[in-house]
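Here's the structure we're looking at; comments come further down.
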Number of protein chains: 2
Amino acid sequence: MRRDVFQAIADPTRREIIQLIAHKKLNLNAIANQFDISRPAISQHIKLLEECGLITITQEGRDRYCQMEFKKLQEVAKWIEQYSIFWNKKLDALEQHLNQKDK
Amino acid sequence: MRRDVFQAIADPTRREIIQLIAHKKLNLNAIANQFDISRPAISQHIKLLEECGLITITQEGRDRYCQMEFKKLQEVAKWIEQYSIFWNKKLDALEQHLNQKDK
DNA sequence: TATAAGTGTAAGTAATTGCTTACGCAAAAT
DNA sequence: ATTTTGCGTAAGCAATTACTTACACTTATA
């Protein structure tokens, strides 16, 4: 089973879950209520998110609170950043071209 | 068929393809030669990458050169960035905590 | 003109994914 | 003590994914 961050954020439902718990940790039902799909389906998404380190779960009585682990998102951020120099370069080239036209 | 950037970069082979063509546009065979999987398999990955806007293909005779479209990666960058304030906040909190300990 | 090189696509397949329903269990509320 | 709430997990299933091999079609080369 592949369990990397890129795979995890590929699913739109999981991205919505991330959005939900970004500001405030929520228990599983609170999350599941926001979706049309079944609670077990959300439970499985949560399990995957935990297994790949994107969230941590803290048990409080019968509730399991899900909290974002943003540092794990930095893996993606880092991957993206290595390419940002390229799009900046392209923008710079465009800028330079436009400046030339001005002359 | 889902054809979004998040789905596209979820596959490790496709991320390797991106890495390969980041610096220099390459024709399909040049890309395929870098992998153990078959040429048609790469062809299918390339097709998906093009369909979701991550690369553009320019035909030159019998060669099809693949070029990165970095601006499309910004979709992911933007998604990530919205959360970067959270991990910064957390780092700030940690920093503050450490500073307190110093006193 | 015959052959080689670069490629897309179709069909088949095994593995994976994203769901469902059904069940069971522990903690809280009544 | 019984019921309700919050949850995990198993089994089943349809759709999708990531490949493969086989074939056909251009474009370049000999």
Side-chain angles (χ1 to χ4, degrees), chain A residues 1-21 24-69 72 76 79, chain B residues 1-21 24-69 72 76 79:
Chain A
M1 233 174 292
R2 226 163 65 209
R3 216 113 277 198
D4 62 287
V5 196
F6 290 94
Q7 176 68 17
I9 66 169
D11 186 86
T13 303
R14 284 194 289 268
R15 288 202 300 279
E16 278 193 70
I17 293 176
I18 289 172
Q19 177 70 29
L20 273 173
I21 63 175
K24 189 177 183 306
K25 67 176 180 178
L26 296 173
N27 67 354
L28 198 134
N29 264 350
I31 297 167
N33 286 338
Q34 304 296 314
F35 296 89
D36 287 336
I37 62 178
S38 71
R39 193 215 13 107
I42 297 296
S43 182
Q44 285 155 22
H45 281 306
I46 293 291
K47 189 180 179 187
L48 188 149
L49 287 170
E50 194 200 14
E51 279 172 5
C52 83
L54 268 173
I55 69 173
T56 47
I57 298 174
T58 48
Q59 187 98 31
E60 291 181 29
R62 60 188 169 187
D63 297 271
R64 306 186 81 218
Y65 283 95
C66 305
Q67 184 169 21
M68 257 315 274
E69 284 302 325
K72 193 71 184 179
V76 184
W79 183 81
Chain B
M1 232 174 292
R2 225 164 64 209
R3 217 112 277 197
D4 62 288
V5 196
F6 289 94
Q7 176 67 18
I9 66 169
D11 186 85
T13 303
R14 284 194 290 268
R15 287 202 300 279
E16 278 193 71
I17 293 176
I18 289 173
Q19 178 69 27
L20 273 173
I21 63 175
K24 189 176 182 308
K25 67 176 180 179
L26 296 172
N27 68 352
L28 198 135
N29 264 350
I31 296 168
N33 286 338
Q34 303 296 314
F35 296 88
D36 287 336
I37 60 179
S38 71
R39 193 215 13 106
I42 297 296
S43 182
Q44 283 155 23
H45 281 307
I46 293 291
K47 189 180 180 187
L48 189 147
L49 287 170
E50 193 200 14
E51 278 172 7
C52 83
L54 268 172
I55 69 173
T56 48
I57 297 174
T58 48
Q59 188 98 30
E60 290 182 29
R62 60 190 167 184
D63 298 87
R64 306 187 81 217
Y65 283 95
C66 305
Q67 185 168 22
M68 257 315 274
E69 285 302 325
K72 193 69 184 181
V76 184
W79 183 80

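Just so it is clear: chains get the letters A, B, ... in the order the sequence lines come, proteins before strands, and each one is counted from 1. Just so you know, these numbers use all the heavy atoms, side chains as well, and skip hydrogens, waters and symmetry mates. Just so it is clear, the structure is predicted and the values come from calculations on it, not from any experiment.
B/Ile9 has its CD1 atom 13 Å from the P atom of D/dA18, to the nearest Å. Per the geometry, CG belonging to A/Leu26 stands 15 Å off C1' belonging to D/dC7, to the nearest Å. Rounded to whole Å, atom P of C/dT17 lies 16 Å from atom CZ of A/Phe6. Atom CD1 in A/Ile42 sits roughly 16 Å away from atom C1' in D/dT9 (whole-Å rounding). A straight line from CD of A/Glu60 to P of C/dA28 spans 11 Å, rounded to a whole angstrom. When rounded to the nearest whole Å, the span between CD of A/Gln7 and P of D/dT16 equals 16 Å. Rounding to whole angstrom units, CG of residue A/Asp11 and P of D/dT17 are separated by 11 Å.
B/Ile18 has its side chain within reach of A/Trp79: a pair of non-hydrogen atoms, C-beta onward, lies under 4.5 Å apart. Side-chain contact between B/Met68 and B/Ile55: present, with at least one pair of heavy atoms (C-beta onward) separated by less than 4.5 Å. Looking at A/Ile9 and A/Leu54, their side chains come closer than 4.5 Å, going by heavy atoms from C-beta outward.
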Please tabulate, for side-chain N and O atoms in residues 33-47 of chain A, each donor-acceptor pair with protein atoms closer than 3.5 Å (sequence neighbours left out).
from, atom 1, to, atom 2, distance (Å)
A/Asn33, ND2, A/Asn29, O, 3.2
A/Ser38, OG, A/Ala41, N, 3.3
A/His45, ND1, A/Arg14, NH1, 3.0

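When all heavy atoms are compared, the tightest approach of B/Thr56 to B/Glu69 is OG1-OE2, 3.0 Å.
Not one side-chain nitrogen or oxygen of A/His45 sits closer than 4.0 Å to the OP1 or OP2 atom of C/dT17. At C/dC19, none of the side-chain N or O atoms of A/Ser38 fall inside 4.0 Å of OP1 or OP2 (strictly under the cut-off).
The backbone N or O of B/Thr58 sits nowhere less than 3.5 Å from a side-chain atom of B/Arg64 that would complete a donor-acceptor pair.
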In the 5'-to-3' direction, what one-character label does each nucleotide of nucleotides 2-11 of chain C receive under the scheme B = base within less than 4.0 Å of a protein heavy atom, S = sugar-phosphate only, - = no such atom?
--BBSBBBB-
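Position along DNA chain C of the nearest nucleotide to A/Gly61 versus A/Ala41 favours A/Ala41 as the more 5'-ward residue.
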